[in-house]
Amino acid sequence: MARVLVDLLAAVLQPGALITLLVLAGSIVLFVGGWLAPELTGLLAAGLLMAFGVLDKSEGVEGFGSPAVITLLGMFGISAGLMRTGALDGVRVLLSSDAVRSPRRMITWMALVLSPVSAFIPNAPLTASMLPVVEGWCRRRGISPSRVLLPLSFSIFIGGSITLLGSSVNLLASEVSKKSGFGEFSLFSFTPLGIGVWVLGSLMLVLTANNLPDRGTDKDDLLADLSSSGYLTEVKIPEGSELIGQSLHASRLQRRFDLDVLELHRGEERFLPPLADRTLMLGDRLLLRCGREELLRLQQDHTVVLAPMPEEPIRPDQQNNQQMVEVLLGAGSTFAGDCLRDLRFRQRYNVTVLALRRGNAVLRERLGRVQLREGDVLLLQGPKDAIRGLQESNDLVVLERLEQDLPPPNRKRVALLIAVLVVALPAFKVLPLVAAVLLGMVGMVVTGCLRTGEILRAIRLDVILLVGSLECFSVALQKTGVAELLAKGLLHGLHAWPVYFALVAVFLFSTLLTEVMSNAATVALLIPISGELAQGLHQPPMAFVYAVLFGASQCFLSPVGYHTNTMVYGPGRYRYLDFVRYGWPFTVVMTLSVPFMICRSFGL
């Protein structure tokens with residue numbers, strides 16, 4: 001034991017290995033702490049490894065031109081073409097059918113239909129497309145969205161483990177495995193395992209359908225019953241208002257509108273409750289929590305006016321032809337981290353932000369100063385054309401289905417044909433996958449299924465930067481011998497364990513690490529180490545690579561570990577612990593079952 005530790009310490013103190021370990025440790029801290037966006041952390045790590053000479057410039061940036069990144073670029077375009085042409089309308093119709101009458105039945109259909117679809121379409125666009133459909137069904141049935149939105153996320157990322165195209169993490173894992181010398185994946189390499197995970201996950205989704213919280217809703221309108229869910233808005237006391245000179249208690253404002261006054265702002269001063277006896281003055285701003293109907297009544301009442309951002313005055317001629325809609329800050333939104341005032345939101349989109357909701361939490365800040373996060377839900381009001389234009393934004397997901405400028409219906413079949421060819425040609429080894437995807441993306445444009453500008457909007461730059469930059473980790477871990485060193489340390493503790501329990505340990509560690517940092521980072525860091533560990537145990541490296549891949553793809557315990565969880569967090573009005581309570585049975589079952597399936601698959 002002592003000899004092993006001495007050898008490890010001597011090897012770690014080599015300059016290249018030491019720098020790699022320090023960069024690795026710093027990156028993990030940044031991934032977990034969230035002080036930098038994941039893609040910026042990846043770029044920082046790549047830059048540092050090149051700056052200190054661990055990697056040369058070609059090794060540091062080769063990930064951005066890898067087949068995984070190019071394939072991912074093409075898949076964003078192809079999925080956008082499928083969405084725009086309505087190729088998935090059959091799925092939408094099925095989920096919104098009158099035959100789906102209960103949350104359990106909705107969850108069953110999501111598991112049976114959406115999971116297989118997500119095996120070929122990136123998770124984030126599919127989630128964004130299905131959110132309005134599922135929310136509309138909840139609204140019509142008077143069912144709380146919290147009863148079905150978390151299963152929506154789970155069913156989509158469970159299905160993403162069926163084929164190579166199901167997730168950006170799969171593509172990254174294939175590239176990392178190839179560079180580490182363990183071999184790359186084909187389109188259907190792990191499909192038998194993925195189908196087993198899908199069947200098991202589907203059973204769990206159906207059996208646990210009653211374990212979800214009920215956060216409440218209104219029978220007629222999802223937006224109408226928000227007084228208890230934390231909608232936030234500001235009003236201003238205008239000249240001539242009857243409130244001037246009165247106290248809140250005397251004005252009976254709270255009783256008249258069924259609202260809560262959370263704060264009072266007067267110039268640079270901020271007053272917190274109790275506010276009942278404080279005298280109101282001209283220009284005071286009140287921070288309110290209330291429902292949609294109260295917001296509408298406030299607009300019609302001359303005693304208060306909705307308070308715009310300071311630099312964004314609302315013109316009187318904008319009161320007509322207005323529509324109210326909820327939008328979600330989706331995964332990878334560039335608005336995350338900024339506030340509405342700095343974004344000049346009204347000038348950019350010609351809409352007014354009326355309120356903000358973050359999960360089930362009540363925010364006690366002024367609207368213009370709230371720092372936005374992924375998963376936030378904004379209540380907007382604006383002209384119909386402006387609302388319709390929001391559908392073109394990659395930063396926002398409109399949570400109501402609106403009419404849009406679609407191509408002729410015959411393009412639906414063309415888009416489906418292109419998608420089938422993209423899958424079939426590599427499956428029969430007629431074309432490499434990356435070539436088929438690039439040709440498919442161009443085909444979407446040539447056939448009129450997609451415009452060139454829409455491809456650019458569909459590409460998730462944050463995902464591309466993250467996947468491209470993280471490949472440098474695997475290169476550095478292999479080049480400096482750090483992967484082998486860490487594997488030797490693990491081997492000393494696991495060498496006497498049965499293979500099944502070693503796989504359980506790798507799977508569980510991958511899953512827990514994914515809950516607190518990017519699943520892409522988990523794959524990039526652990527695949528080189530797990531492959532070396534497998535070789536030390538005289539086992540097939542690919543078995544341990546699969547344990548990392550499937551572990552990193554199963555994020556059941558956190559709203560931030562996987563982007564689809566983040567996307568349903570706000571619309572579902574979930575609390576953080578809802579994920580833990582609902583997700584822990586999935587984690588336990590998958591941790592025990594997936595390694596067993598891997599053992600059976602490899603004959604271990």
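The shown structure was predicted, so the numbers you read here are calculated from the model rather than taken from an experiment.
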Is a side-chain N or O of D342 found less than 3.5 angstrom from the main chain of C339, in a donor-acceptor match? no
For a quick test of reading the model, state the closest non-hydrogen atom pair linking S174 to E184 and the distance between them. OG-CB, 3.5 Å
Measuring from atom CG of L150 to atom CG of N565, what distance do you get when rounded to the nearest 0.5 angstrom? 6.0 Å
Student check: side-chain heavy atoms of F190 and N170 closer than 4.5 Å: yes
From L549, V594, I598, residue fulfilling side chain to side chain contact (heavy atoms under 4.5 Å, CB included) relative to L193: I598
Close side-chain approach of T587 to L557, heavy-atom, < 4.5 Å: yes
Going through the checks in order, is the side chain to side chain contact (heavy atoms under 4.5 Å, CB included) test met by F120 and T163? CA-CA 7 Å; F120 302 98; T163 74; 3.8 Å; yes
Taking atom CZ of F52 as the centre, does the number of heavy atoms from other residues, nucleotides or ligands within less than 6.0 Å exceed 12? no
pair L592-F507: side-chain heavy atoms closer than 4.5 Å: no
If only atom types and distance count, is the side chain of S469 paired as donor or acceptor with the main-chain N or O of A46 below 3.5 Å? no
Look only at the side chain of D56 and the backbone of M50, and say whether a donor-acceptor pair between them is shorter than 3.5 Å. no
Test ring-ring contact (aromatic ring centres under 6.0 Å, His included) applied to F154 - qualifying residues, sequence neighbours left out: F157, F556, Y582, F586
Treating S593 as the side-chain partner and M590 as the backbone partner, does any N or O pair qualify as donor plus acceptor under 3.5 Å? no
I need the L72 CG to I464 CD1 distance, nearest 0.5 Å. 4.0 Å
Would Y546 and S189 count as a side chain to side chain contact (heavy atoms under 4.5 Å, CB included) here? Give the steps. CA-CA 10 Å; Y546 283 173; S189 286; 3.5 Å; yes
Looking at G551, is its backbone amide N or carbonyl O close enough to the side chain of T511 to form a donor-acceptor pair, meaning the two atoms are under 3.5 Å apart? yes
When you compare the side chain of M597 with that of F550, does any pair of heavy atoms fall below 4.5 Å? no
Nearest-0.5 Å distance, CD of residue E175 to CD of residue E62: 8.0 Å
Treating S177 as the side-chain partner and G183 as the backbone partner, does any N or O pair qualify as donor plus acceptor under 3.5 Å? yes
What verdict does the side chain to side chain contact (heavy atoms under 4.5 Å, CB included) test give for L378 and L372, after you've listed the backbone C-alpha separation in whole Å, the side-chain angles of each residue and the deciding distance to 0.1 Å? CA-CA 10 Å; L378 303 175; L372 300 175; 4.3 Å; yes
For A415 versus L82, what's the shortest heavy-atom pair and its separation? O-CD2, 3.6 Å
Any side-chain heavy atom of L577 within less than 4.5 Å of one from V580? yes
Rounded to the nearest 0.5 Å, what separation is found between the CD atom of Q554 and the OG atom of S161? 4.5 Å
List for me each residue that meets salt bridge (charged side-chain N to carboxylate O under 4.0 Å, His left out) alongside E39, sequence neighbours excluded, and say none if there are none. none
Which atom pair, heavy atoms only, marks the closest approach of I162 to G194? CG1-O, 3.9 Å
To check you understand the geometry: which heavy-atom pair defines the closest contact between L73 and I459, and what is its length? CD2-CG2, 3.4 Å
Sub-3.5 Å donor-acceptor pair from the side chain of S115 to the main-chain atoms of S155, do we have one? yes
Please report the shortest heavy-atom distance between P67 and V434, naming the atom on each side. O-CG2, 4.1 Å
Rounded to the nearest 0.5 Å, what's the gap from CZ on F509 to OG1 on T522? Could you check? 8.5 Å
So do I78 and M75 actually touch side chain to side chain, heavy atoms under 4.5 Å? yes
Taking only residues two or more places apart in sequence, or in another chain, which ones meet F182 in a ring-ring contact (aromatic ring centres under 6.0 Å, His included)? none
Tell me, yes or no, whether the heavy-atom count around F188 atom CZ, taken from other residues, nucleotides or ligands under 6.0 Å, exceeds 12. yes
Step by step, work out the side chain to side chain contact (heavy atoms under 4.5 Å, CB included) result for V506 and F501. CA-CA 9 Å; V506 171; F501 289 107; over 6 Å; no
So does Y500 have more than 12 non-hydrogen atoms from other groups sitting under 6.0 Å from OH? yes
I want to check something: taking the side chain as every heavy atom from C-beta on, are F335 and D338 in contact at a cut-off of under 4.5 Å? no
Can you tell me how far the CZ atom of F544 sits from the CD atom of Q535, to the nearest 0.5 Å? 11.0 Å
Closest contact, heavy atoms only, A521 versus L470: N-CD1, 3.4 Å
Decide yes or no for L164 and L171: does some side-chain heavy atom of the first lie under 4.5 Å from some side-chain heavy atom of the second? yes
